[in-house]
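Supplied in structure tokens, the structure appears directly below.
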There are 2 protein chains.
Amino acid sequence: MPDFHVTVDLVVLTIRDGDGPHRADRVASRLARPLAGRLAALLVRRGIDPYAGQLALPGGYVLPHEELADAAYRELREETGLGGAVHLEQLASYGAPGRDPRGPTVTVAFLALAPMLGSVVGGSDAAAAEWTPVDEIPWQGLAFDHAQILCDGIERARAKLEYSSLGAAFCPPEFTIGQLRAVYEAVWGYPLDPRNFHRKVSSAQGFLEPVGRTSTVDGGRPAQLFRRGQVQALHPPLTRGSDTLSGSPAG
Amino acid sequence: MPDFHVTVDLVVLTIRDGDGPHRADRVASRLARPLAGRLAALLVRRGIDPYAGQLALPGGYVLPHEELADAAYRELREETGLGGAVHLEQLASYGAPGRDPRGPTVTVAFLALAPMLGSVVGGSDAAAAEWTPVDEIPWQGLAFDHAQILCDGIERARAKLEYSSLGAAFCPPEFTIGQLRAVYEAVWGYPLDPRNFHRKVSSAQGFLEPVGRTSTVDGGRPAQLFRRGQVQALHPPLTRGSDTLSGSPAG
DNA sequence: ACAAAAGTGTTGCTTTTACACCCATGC
DNA sequence: GCATGGGTGTAAAAGCAACACTTTTGT
């Protein structure tokens, strides 16, 4: 019974302000308004030896007698200062021979979704932590097999938004449907019809829980505030499939 | 950097002949014809010490310098004699402290789907391997945290049949749409409308590939044979959602 | 007044469901 | 003939994309 090192690695995603790019494959021929946010991943600059100086996912060794998810939470706090208000779920495990020069190592990757706010501080063995928009990730320069893991994490997030209420994990505790739509648009990389989106999510039973009213968030009129509801799964899904694109044209 | 033992465990599922039970939550008030098969999982009787004599998932230690998926394939062959004609995918990892009395152990669980045929032989440290219908699984008596893993595996299989072509992994290389429908009915535990099912899967582009004709399989007329197609994902999904139930009434 | 976002109504199209019906075979 | 399963047609219902339109704020 040979032994392995066991680590956790974190794909931490959030939505940041700023015009996101459209995904070329989705908005080919249609006029499209600019997106209100962009999907970004958290990368740290490695301070110690294997791949020192290169960008990597935050992560670290699992302690014996520590639950895997606890280790993921701990690393998240240690390396990024992000609190407990994040969604965390297991992604997959990676154990290719030679993936870590220090010896046989299995890493359990986790996917974490952080609300839109939040500055990040580096700590322990990470010299710096920074949000990188997904279209600017230096895929070639990532340490270990972290390009693969990050890629899997982003794809998981994109897929799960379709049939779960996960999108709300990117929002502050109370949010408007407009903010939630911005999340979906940023993650999927193309605009959605505000009116149909509104109808869809507000008619899905248990998906959203109304709480109050806010004044103008962004120049518009006050809007209903919501909390995420109890329902995790979503039937029917939110169609990122066909040509659900649209939205009012830019000009 | 503490060390862990790393194992793989396999949730191996197949469809076996015989009337399957209906799931109470799905067929409440409606008359329903009997199902043509039932979902079964592979369990082994442990021969060696931790939990000796109890039922467990097939699995074993990962060798250093061995890819996780390779270890899963190896254990599948060693313990069950099942060949390479199975679908195999990673399920999740489990590392709760104390889950293995021999010390800190992380197990990477895999989901394997075996075609309907196939007798099973025991080997190495498994005294016997046997197919157990999922509604007869002795959940309380399983070793380690294998009840949890098995439960997760079954739920994964049920969910994935909806939006992928995974159902065909339960079929022999060439099969009829009727056989494929029997798979879906066995996994989900309730009958589907044969005519709508036929239309749905045969109209899904790339899902099935026609190959030839067979004579009567089961008293009916000859039917078109199919191979699984290239398409993995399925849009739109196959609705196990609402009340897609039905089928001709029993009497 | 104007822009910008929230939210509602409506219309035409596609998908889904439920079921009638015919076809081919074995007994 | 009759049962069994394969396969097609079809009409009602539901879901969805697209877009017109009203409301309510800030500038």
Side-chain angles (χ1 to χ4, degrees), chain A residues 26-27 30-37 162 175-182 185 190-205 208 210 212-226 234-251, chain B residues 30-37 162 175-182 185 190-205 208 210 212-226 234-251:
Chain A
R26 307 299 281 132
V27 226
R30 227 181 276 212
L31 277 191
R33 63 181 160 72
L35 266 40
E162 246 178 290
F175 53 88
T176 68
I177 293 188
Q179 287 177 292
L180 183 63
R181 178 168 47 80
E185 294 180 342
Y190 51 87
L192 302 167
D193 186 304
R195 297 148 298 196
N196 291 333
F197 183 87
H198 185 284
R199 206 189 332 250
K200 220 170 202 171
V201 299
S202 62
S203 70
Q205 273 300 328
L208 296 180
R213 287 217 152 247
T214 179
S215 337
T216 171
V217 198
D218 204 11
R221 67 152 161 162
Q224 179 72 46
L225 275 180
F226 293 90
L234 212 50
H235 282 288
L238 268 170
T239 39
R240 74 166 168 159
S242 52
D243 48 349
T244 321
L245 324 172
S246 114
S248 8
Chain B
R30 225 180 277 212
L31 278 191
R33 61 181 160 74
L35 267 38
E162 243 178 291
F175 53 89
T176 69
I177 292 187
Q179 287 177 291
L180 183 63
R181 177 168 47 82
E185 295 179 340
Y190 52 87
L192 301 168
D193 186 304
R195 298 148 298 196
N196 292 333
F197 183 87
H198 186 282
R199 207 189 333 250
K200 219 169 202 172
V201 300
S202 61
S203 70
Q205 274 299 329
L208 295 179
R213 288 218 152 247
T214 178
S215 338
T216 171
V217 199
D218 205 9
R221 68 151 163 164
Q224 179 73 45
L225 276 180
F226 293 90
L234 212 50
H235 283 288
L238 269 168
T239 38
R240 76 168 167 156
S242 51
D243 49 350
T244 320
L245 325 171
S246 111
S248 7

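Throughout, protein chains are lettered first and strands after them, A, B, ... in sequence-line order, and every chain is numbered starting at 1. The figures that follow rest on heavy atoms only: side chains count, while hydrogens, waters and symmetry mates do not.
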Can you tell me the distance, in whole Å, between the CG atom of Asp193(A) and the C1' atom of dA5(C)? 13 Å
Expressed as a whole number of angstroms, how long is the span from Leu192(A):CG to dC16(D):P? 14 Å
Value rounded to 0.5 Å, distance of CZ in Arg181(B) from OG1 in Thr176(B): 8.5 Å
Quickly work out the Leu234(A) CG to dG15(D) C1' distance and round it to whole Å. 14 Å
What is the distance, rounded to the nearest whole Å, between atom NZ of Lys200(A) and atom C1' of dA18(D)? 13 Å
Is it true that a side-chain atom of Glu185(A) and a backbone atom of Leu192(A) form a donor plus acceptor pair closer than 3.5 Å? yes
Once each nucleotide of nucleotides 6-13 of chain C is scored for protein heavy atoms under 4.0 Å, what B/S/- sequence comes out, 5' to 3'? BBBBB---
To the nearest angstrom, the CG-C1' distance between Leu238(B) and dT17(C) comes to 14 Å
By side-chain contact (heavy atoms from CB on, under 4.5 Å) - contacts of Leu234(A) (at least two apart): Ala204(A), Phe207(A), Leu238(A)
Figure out the CZ/P separation between Phe175(A) and dA5(C), and round it to whole Å. 19 Å
Would you mind reading off the distance between Phe197(B) atom CZ and dA18(C) atom P, rounded to a whole angstrom? 16 Å
